[in-house]
Amino acid sequence: MAEKEAQLFRTIKELPPVDYYTSGRRTCAGCGPALGYRMVARAAGPKTILIGPTGCMYVANAHQFLTSPYAVPWYHAQLGGGGSAGLGTAAGLRALMTKGKRKMEDINIVVYGGDGGFADIGLAGLSCALTYDYPRLLFVLYDNEAYMNTGVQASSTTPWGAYTTFTPWGKIKRIGNDRLKKNVALIAAAHPGIRYVATANVAYPLDLMNKVRKALNAGGPSLIHLLVPCPKGWFFDSKYTIMIGRLATETGMWVLWEYDHGRFRLTIKPAKRKPVKEYLALQGRFANLADEDIEYIQRIVDEEWKYWEEMDKVGKIILPWAR
Ligand code: SF4
């Protein structure tokens with residue numbers, strides 16, 4: 001069956017007026033993952049099946065008081081099972097259509113999993129799913145940089161220096177988390193034959209929603225690694241969600257790129273990067289950092305930025321990182 005490509009958006013005014021992730025949820029005020037869900041579901045459209053591995057976006061959206069924000073089919077997957085659930089759903093639909101048991105049509109499968117679900121516990125299943133050829137199978141890693149719904153425990157995408165309940169600071173140890181953040185999008189891009197991988201940021205809705213469309217049009221499994229500020233776990237006032245998201249990209253702490261059929265490019269380039277201090281200072285999880293710690297983070301960002309610019313120039317991914 002010939003695939004019908006969904007059109008890209010040129011302006012916010014072109015966005016469809018219908019939401020498929022609506023009211024009926026119990027997320028915190030200013031929740032970045034909830035905003036991201038709404039944008040992803042809207043870009044994907046009505047012919048979509050959503051799958052939610054355990055995480056904030058399962059716990060706060062589905063399991064209490066019999067309310068649900070989903071206006072398209074949705075089901076829950078076990079925390080580590082997002083990859084296999086997406087793959088199995090795609091395989092099942094293909095089998096039913098091939099056998100003539102349901103009509104041939106394009107159906108999107110979007111698995112919306114957190115950093116616990118895709119960077120840690122479910123990374124193996126995600127990796128497996130990315131090696132298959134099922135079209136319209138999109139994995140969105142909504143990255144709030146810790147296990148928030150169980151009490152803000154560190155994950156492998158928690159940034160260096162951040163406080164979590166697993167990485168507290170105190171008199172003896174000034175630094176919270178002393179591991180550097182894992183780059184899941186680059187891991188996904190290392191899969192042979194992968195057609196589309198991107199990073200995104202909930203503070204850049206048009207960029208995010210066009211990446212959703214490109215991923216679903218790509219002709220194979222795809223991954224979007226989406227940064228989503230979390231007021232509860234990052235310790236900031238809920239009115240700052242979008243401002244903090246923007247600062248992540250404006251400082252170079254969260255770089256927006258895509259890898260589209262083997263071609264790398266930066267999708268948003270700050271004209272002049274702001275100091276990382278502007279991003280860190282707004283978040284209580286970094287409150288204990290001394291000037292020398294902030295300088296260390298700045299040095300890493302500056303060093304990596306040279307690679308991002310070079311990759312953008314040559315249109316390829318260059319590894320490894322220098323640290
Ligand atoms: Fe959203 Fe964070 Fe609240 Fe979870 S803890 S619902 S991710 S704001």
Side-chain angles (χ1 to χ4, degrees), residues 19-42 50-70 74 76-79 82 110-122 139-159 162-168 176-177 181-182 184 199-205 208 224-248 253-254 279-280 282-287:
D19 275 319
Y20 304 99
Y21 175 85
T22 62
S23 56
R25 65 193 121 95
R26 298 170 64 253
T27 58
C28 311
C31 174
L35 283 172
Y37 222 152
R38 186 177 173 197
M39 294 175 202
V40 168
R42 197 191 272 209
L50 297 171
I51 301 173
T54 306
C56 257
M57 288 302 100
Y58 162 60
V59 174
N61 284 328
H63 82 311
Q64 280 158 324
F65 306 128
L66 299 177
T67 63
S68 161
Y70 306 107
W74 170 93
H76 168 234
Q78 181 265 346
L79 173 52
V110 178
V111 190
Y112 198 76
D115 35 311
F118 282 147
D120 288 351
I121 300 164
F139 298 93
V140 178
L141 191 183
Y142 69 88
D143 189 0
N144 55 9
E145 302 187 322
Y147 291 75
M148 298 310 182
N149 81 87
T150 48
V152 194
Q153 294 88 11
S155 75
S156 59
T157 64
T158 300
Y163 170 91
T164 70
T165 49
F166 273 4
T167 59
N177 180 44
K181 183 179 173 73
K182 184 193 282 181
V184 181
T199 58
N201 181 337
V202 77
Y204 294 83
L208 164 60
I224 295 176
H225 189 167
L226 171 63
L227 185 76
V228 279
C230 162
K232 174 185 160 191
W234 297 15
F235 300 96
F236 65 82
D237 191 293
S238 57
K239 68 185 176 195
Y240 293 132
T241 300
I242 295 301
M243 183 201 283
I244 286 176
R246 281 200 161 266
L247 278 169
M253 292 285 294
W254 186 249
Y279 173 69
L280 302 172
L282 287 173
Q283 302 170 56
R285 63 180 175 155
F286 297 116

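Counting starts at 1 for both ligands and their atoms, following the listed order. Count residues from 1 along the sequence.
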- prompt: Just by modelled atom types, is the G245 backbone N or O under 3.5 Å from a matching donor or acceptor in the N201 side chain?
  reply: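 Judged by distance alone, yes, a pair lies under 3.5 Å.
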
- request: Give a yes or no answer on whether the side chain of S155 reaches the backbone of Y147 with a donor-acceptor pair at less than 3.5 Å.
  value: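 No; judged by distance alone, with no hydrogens or angles, the pair does not exist.
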
task: Dump the intermediate steps for side-chain contact (heavy atoms from CB on, under 4.5 Å) on T164 and Q153, then the final yes or no.
output: CA-CA 5 Å; T164 70; Q153 294 88 11; 5.6 Å; no

Just which atoms of ligand 1 are under 4.0 Å from any heavy atom in [X]?
{"X": "M148", "result": "5 (S)"}
{"X": "K232", "result": "5 (S)"}
{"X": "P33", "result": "7 (S)"}
{"X": "P231", "result": "8 (S)"}
{"X": "C31", "result": "1 (Fe), 6 (S), 7 (S), 8 (S)"}

Nearest-option assignment for atom 3 (Fe) of ligand 1, heavy atoms, candidates G55, P229, C28, A34: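 The option holding the nearest heavy atom is C28.
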
message: So that I know where these two stand, are F139 and F118 an aromatic pair - ring centroids less than 6.0 Å apart?
response: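 Yes, ring centres under 6.0 Å apart.
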
task: Assert yes or no for the condition that the ring centre distance of Y70 to Y20 is strictly below 6.0 Å.
output: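 Between Y20 and Y70, which both carry aromatic rings, the centre distance is not below 6.0 Å.
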
field: Spacing of CH2 belonging to W234 relative to CG belonging to L280, to within rounding of 0.5 Å
entry: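 The distance works out to 11.0 Å.
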
task: Check each of K232, K182, R285 against E145 using the salt bridge (charged side-chain N to carboxylate O under 4.0 Å, His left out) test, and report the only one that passes.
output: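 Between E145 and the candidates, salt bridge (charged side-chain N to carboxylate O under 4.0 Å, His left out) is satisfied uniquely by R285.
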
- prompt: Touching ligand 1 at all, N144? Heavy atoms, strictly under 4.0 Å?
  reply: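 Yes, that is the case, since the closest heavy atom of the residue is under 4.0 Å from the ligand.
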
query: Is the closest heavy atom of G233 to ligand 1 under 4.0 Å?
result: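 Under 4.0 Å: no for G233.
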
message: Just to confirm my output: which protein heavy-atom neighbour is closest to atom 4 (Fe) of ligand 1, and how far is it?
response: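 Protein heavy atom with the smallest distance to atom 4 (Fe) of ligand 1: C56 SG, 2.2 Å.
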
Taking atom 2 (Fe) of ligand 1 as the reference point, the nearest protein heavy atom with its distance: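 Protein heavy atom with the smallest distance to atom 2 (Fe) of ligand 1: C230 SG, 2.3 Å.
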
